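Here is the structure we will look at, set down as structure tokens.
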Amino acid sequence: MDCIFCKIIKGEIPSARVYEDEDMIVIRDIAPQAKYHYLAIPKKHFADVTEMTEEDAVLVGRMLRKIGDIAASLGLEGGFRLVSNKGADAMQSVPHLHIHILGGEKLSDKMC
Ligand code: AMP
């Protein structure tokens, strides 16, 4: 499958990986939109929240809990914002579900 995030997971494309476990990797976004901008990417490929099975929902729930666990180690003690885009209106550019993790500074209150 020609998916950039699957290639990053397999190590075929380099990335700045800050965390990895059996469920997911967390990398630095290549075009940060906040002081700290990470992407939590499940190792299993599915396009977005509308394509999740019940099993995927459990996986994503686990990912959210782990993001909470590692947040402080990523410099996000002051708080963070999670975003997952789906589809054209949200400007999703990579059709492999991922959760943006933004923080490290006061974020704009314009969105969310
Ligand atoms: P989205 O627009 O929600 O699909 O988010 C995709 C994100 O992936 C964007 O914020 C991109 O900057 C980021 N991105 C694309 N390619 C890479 C890469 N090779 N390494 C790290 N982040 C990437």
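No experiment lies behind these values; they were computed from the predicted model shown. First listed ligand is number 1; within each ligand, the first listed atom is number 1.
- Those atoms of ligand 1 that come under 4.0 Å of a heavy atom in Ala31, given as number and element, are 12 (O).
- In terms of polar-atom proximity, Asn85 is counted as a contact of ligand 1, with an N or O under 3.5 Å from an N or O of the ligand.
- Linking ILVMFWY side-chain heavy atoms closer than 4.5 Å, directly or via other members, places Phe5 and Leu97 in two distinct hydrophobic clusters.
- Of the candidates Ile30, Ile4, Leu39, it is Ile30 that places a heavy atom closest to atom 20 (N) of ligand 1.
- Counting heavy atoms under 4.0 Å from ligand 1, residue Ser93 touches it through both backbone and side chain.
- Heavy-atom contacts of Arg28 reach the following atoms of ligand 1: 21 (C) (cutoff under 4.0 Å).
- Below 4.0 Å from some heavy atom of Val94 lie the following atoms of ligand 1, by number and element: 4 (O), 6 (C).
- Without hydrogens or angle criteria, Arg81 side chain to Ser108 main chain gives a donor-acceptor distance under 3.5 Å.
- Listed for the Tyr38 side chain is a donor-acceptor partner under 3.5 Å among the backbone atoms of Leu74.
- Every atom of ligand 1 is numbered from 1 in the order shown, and the set under 4.0 Å from a heavy atom of Ile27 is 21 (C).
- None of Ile4, Ile27, Val26, Ile30 except one satisfies the side chain to side chain contact (heavy atoms under 4.5 Å, CB included) rule with Ser15; the exception is Ile27.
- Among protein heavy atoms, the minimum distance from atom 1 (P) of ligand 1 is reached at His98 NE2, 3.2 Å.
- Ranking the protein heavy atoms by distance from atom 18 (C) of ligand 1 puts Ile8 CD1, 3.8 Å first.
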Subject >> Test log, rule salt bridge (Lys or Arg N to Asp or Glu O under 4.0 Å), inputs Lys86 and Glu51 >> reply: CA-CA 10 Å; Lys86 185 269 179 298; Glu51 298 216 351; over 6 Å; no
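- The shortest non-hydrogen separation linking Leu107 to Leu102 is CD1-O, 3.7 Å.
- A donor-acceptor contact shorter than 3.5 Å is absent between the side chain of Glu77 and the backbone of Gly104.
- Near Met91, meaning under 4.0 Å from any of its heavy atoms, are these atoms of ligand 1: 2 (O).
- When each atom of ligand 1 is checked for a heavy atom of His100 under 4.0 Å away, the hits are 1 (P), 3 (O), 5 (O), 7 (C), 10 (O).
- Salt bridge status for Lys7 with Asp2: present, with a side-chain N to carboxylate O gap under 4.0 Å.
- Between His45 and His96, the two ring planes are perpendicular [angle over 60°; tilted spans 30° to 60°].
- When Asp29, Asp48, Ile41 are ranked by how near their heavy atoms come to atom 12 (O) of ligand 1, first place goes to Asp29.
- Contact annotation: for Phe5 versus ligand 1, heavy atoms closer than 4.0 Å belong to the side chain alone.
- Ligand 1 lies out of reach of Val83, whose nearest heavy atom is not under 4.0 Å from it.
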